[in-house]
Visitor: 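Below is one structure. I have some questions about it.
Only this structure's heavy atoms are used, side chains among them; waters, hydrogens and symmetry mates stay out. Every value quoted in this text rests on a predicted model; they were computed, and no experiment measured them.
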2 protein chains.
Amino acid sequence: MNNQNIISKAIRFHRKKSGLTQKQLAEIAGVGKSVIFDIENGKETVQLDTLLKILGALNISFRLESPIIHLMETENEKS
Amino acid sequence: MNNQNIISKAIRFHRKKSGLTQKQLAEIAGVGKSVIFDIENGKETVQLDTLLKILGALNISFRLESPIIHLMETENEKS
DNA sequence: AGAAATTTACTGCTATAGCGGTACTAATTA
DNA sequence: TAATTAGTACCGCTATAGCAGTAAATTTCT
């Protein structure tokens, strides 16, 4: 399961759980209905801001993870 | 700090930590050099697959988070 | 089954993302 | 200081993302 599939699945899952149609979600997120359909069907070339609008409308957040990412926060204390 | 800024900062941080130039990262990720520059400077309209290539090249993963997302995994056991 | 709602699947159109090339401007290093 | 490297900032070009509209297919509900 790659990242796009996870995203597709998560969006469809949360949309259904929220009782929204694709059209309704599109309106809430402020994007076209075609994009909802495309993303839910695994389209890999969505724009990040479009995706974030949809995730936001469904109250899905995301976090980046890496072995050293915690260093990034403490780096700001050097000022 | 919005989502795009988090991504921008994380990419630049990890790239520097990896000792890569923008051009080198672009080559490793298989994208154009302009995109690395744009993303690091907060461009909000990147394509998801482009972003994922870059994150992948830097060994950054991301995970979706929501109050009910754990239900999605167990949902697959109903087949 | 039939009706209504939803999803899927196209269409043409416009705006723009990503590309490599070039050039100027920092930084970095000798 | 001079030379090299890296980053920033444009350019024109091509491919395509996102859009609304339409309609067929599928699902849902009575």
Side-chain angles (χ1 to χ4, degrees), chain A residues 1-60 62 64 66 68 71-72 75-76 78-79, chain B residues 1-60 62 64 66 68 71-72 75-76 78-79:
Chain A
M1 180 110 95
N2 58 27
N3 283 322
Q4 279 88 6
N5 277 326
I6 292 171
I7 293 170
S8 302
K9 293 257 166 59
I11 288 177
R12 171 156 292 177
F13 178 81
H14 284 78
R15 177 176 65 79
K16 294 280 190 185
K17 289 289 181 190
S18 304
L20 297 171
T21 67
Q22 292 180 342
K23 188 160 175 283
Q24 288 171 327
L25 175 56
E27 285 163 0
I28 294 171
V31 301
K33 64 177 173 35
S34 315
V35 184
I36 307 293
F37 171 74
D38 288 343
I39 292 182
E40 288 191 358
N41 286 278
K43 183 177 190 177
E44 299 184 354
T45 50
V46 207
Q47 303 219 26
L48 177 61
D49 63 336
T50 300
L51 174 65
L52 292 178
K53 284 182 200 167
I54 298 168
L55 292 179
L58 293 170
N59 286 309
I60 307 174
F62 74 98
L64 299 179
S66 87
I68 61 164
L71 297 175
M72 203 173 63
E75 194 108 323
N76 299 339
K78 68 177 179 183
S79 54
Chain B
M1 179 112 94
N2 59 28
N3 284 322
Q4 280 86 7
N5 277 325
I6 291 170
I7 294 170
S8 302
K9 292 259 167 57
I11 288 176
R12 171 156 290 179
F13 177 81
H14 284 78
R15 177 176 66 78
K16 293 279 191 186
K17 289 290 181 191
S18 305
L20 297 172
T21 67
Q22 292 180 341
K23 189 159 173 285
Q24 288 171 327
L25 175 55
E27 285 163 2
I28 294 171
V31 302
K33 66 178 173 31
S34 316
V35 185
I36 306 292
F37 172 72
D38 289 342
I39 292 183
E40 288 192 358
N41 285 279
K43 183 176 189 177
E44 300 184 355
T45 51
V46 207
Q47 305 224 25
L48 177 61
D49 63 336
T50 299
L51 174 65
L52 292 178
K53 283 183 202 167
I54 298 168
L55 292 179
L58 293 170
N59 286 308
I60 307 173
F62 81 102
L64 299 179
S66 88
I68 61 165
L71 297 176
M72 203 173 66
E75 194 108 322
N76 299 339
K78 68 177 178 184
S79 57

Visitor: Roughly, in whole Å, what's the span from CG in B:Asn41 to P in D:dC10?
Guide: 12 Å
Visitor: Please tell me which of the listed nucleotides, C:dA9, D:dA17, D:dT8, lies nearest to the side chain of A:Phe37?
Guide: C:dA9
Visitor: Would you mind reading off the distance between A:Leu48 atom CG and D:dA17 atom C1', rounded to a whole angstrom?
Guide: 14 Å
Visitor: Quick one: which of D:dG18, C:dT7, C:dG18 gets closest to the side chain of A:Thr21?
Guide: C:dT7
Visitor: At their closest point, which heavy atom of B:Phe13 faces which heavy atom of A:Ile68, and how far apart are they?
Guide: CE2-O, 3.8 Å
Visitor: Within the structure shown, what part of the strands sits under 4.0 Å from A:Lys33 by heavy-atom distance: base, sugar-phosphate, or nothing?
Guide: base
Visitor: Between B:Gln22 (CD) and C:dC19 (P), how many Å, whole number?
Guide: 13 Å
Visitor: Round to a whole Å and report the spacing from CD1 of A:Ile36 to P of D:dC19.
Guide: 9 Å
Visitor: Heavy atoms from C-beta onward define the side chain here; which of C:dT7, D:dC19, D:dT8 lies closest to that of A:Arg15?
Guide: C:dT7
Visitor: Toward the 5' end of DNA chain D, which comes first, B:Ser34 or B:Leu20, by nearest nucleotide?
Guide: B:Leu20
Visitor: Roughly, in whole Å, what's the span from NZ in B:Lys23 to P in D:dT5?
Guide: 11 Å
Visitor: From the options C:dA17, D:dA17, D:dC19, select the nucleotide whose nearest atom is closest to the side chain of B:Lys43.
Guide: C:dA17
